[in-house]
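Below is one structure, written out as structure tokens, with a few remarks after it.
We count ligands from 1, going down the list as the structure has it; atoms in each ligand are counted the same way. Each residue takes its place number in the sequence, starting with 1. Not measured: the values here are computed from a predicted model.
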Amino acid sequence: MSPLFDLHTHSDCSDGALSPSELVRLAIENQVDVLSLTDHDTIAGVDEARAEAHAAGDVIRIIAGIEFSSVWRGRNIHVVGLNVVTDSPILQTAVQKQALARSLRAQAIADKLAKVGMPGALEGARQFASGDDAIGRPHFARFLVEQGHVSSIDQAFKRYLGSGKLGDVKQQWPELSEVVAWITASGGTAVLAHPDKYKLTRTKLYELLDDFKSAGGEALEVVSGHQQDTVTSKLIRAALDYSLLVSCGSDFHSPENQWQSPGKMASMPSGYPAVWDRW
Ligand code: AMP
Ligand code: MN
Ligand code: MN
Ligand code: MN
């Protein structure tokens, strides 16, 4: 049996529901062999994940990771950094910069919500996050549900927080090329996260890949969670066209979502040059 890799997961250091230790235990239960914790814009959970794996007898290998938020042509694009050196000064500075961006953005989102009759959102979102610099739209979504402004998280995104809506504030994020440079300068591999989520035409996706590759991007997440085989084939084709390594991950956030669990994602075809070949 080939090892099971899950190279995209979240803990409560960003917008996940489990602590890094709980995540590692669930991944072990699910027989994941190699796990990367890739919280949004932070590496705060990596040490705890490593310690838990060690306490469990090193039955699972932890890869230090991060999922950076960026913009490319006005769109919010996520880039996963795998196997980064966590004490790299460049990474430390990048994380501080993103933390500041995230807290300014949280204030901006709250101001926008207040203007349309939903006050107190910053304090509200704060209750669900590990700190102001970790607040994201999912924490605002929980506040909107709690207040009865919407009936579900899904509705919160559809009405207020999703792409193009009032709470979709992204001007604080750096350019795609900048986050790719942070990752490579801190010894990591830059992976374009969940390419199918951006709803790009093939032409636009290939333009994105041109820019990603020119910036030093090295891999494409050809499997993200449960996706159709036709999507996987299309993305493998793109990876081959651009000589990008392949990667895969569940993008796990919470056990409440029964469709998402560490190591449970669409099957990853073997035989293509992969990010883990160099580990
Ligand atoms: P942020 O980091 O604040 O930009 O928030 C982005 C996060 O929101 C993503 O990583 C997902 O976890 C979550 N998200 C995005 N769109 C949706 C949606 N339609 N429903 C639920 N969660 C979403
Ligand atoms: Mn998320
Ligand atoms: Mn993402
Ligand atoms: Mn993610």
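- With no hydrogens or angles considered, a side-chain donor-acceptor pair links Asp39 and Ser14 at under 3.5 Å.
- With rounding to the nearest 0.5 Å, the separation of CG in Leu192 from CG in Asp211 is 11.0 Å.
- Rounded to 10 degrees, the ND1-metal-OE2 angle spanning His78 and Glu67 at the Mn ion (ligand 3) equals 80°.
- His194 lies close to the Mn ion (ligand 3), since one of its N, O or S atoms is found at a distance under 2.8 Å.
- The Mn ion (ligand 2) has an N, O or S atom of His253 under 2.8 Å away, backbone or side chain.
- Taking 2.8 Å as the threshold, Asp251 does not count as a candidate ligand of the Mn ion (ligand 3), since none of its N, O or S atoms lies below it.
- Electrostatic pairing of Lys97 and Glu178 counts as a salt bridge here, judged by a charged N lying under 4.0 Å from a carboxylate O.
- At least one N/O/S atom of Asp15, from backbone or side chain, sits under 2.8 Å from the Mn ion (ligand 2).
- The ring pair (Phe, Tyr, Trp, His ring centres under 6.0 Å) check on His194 picks up His8, His78, Tyr198, with sequence neighbours excluded.
- Remark: aromatic rings of Tyr242 and Tyr206 are close, center separation under 6.0 Å.
- The minimum distance between the Mn ion (ligand 2) and any N, O or S atom of His40 involves atom NE2.
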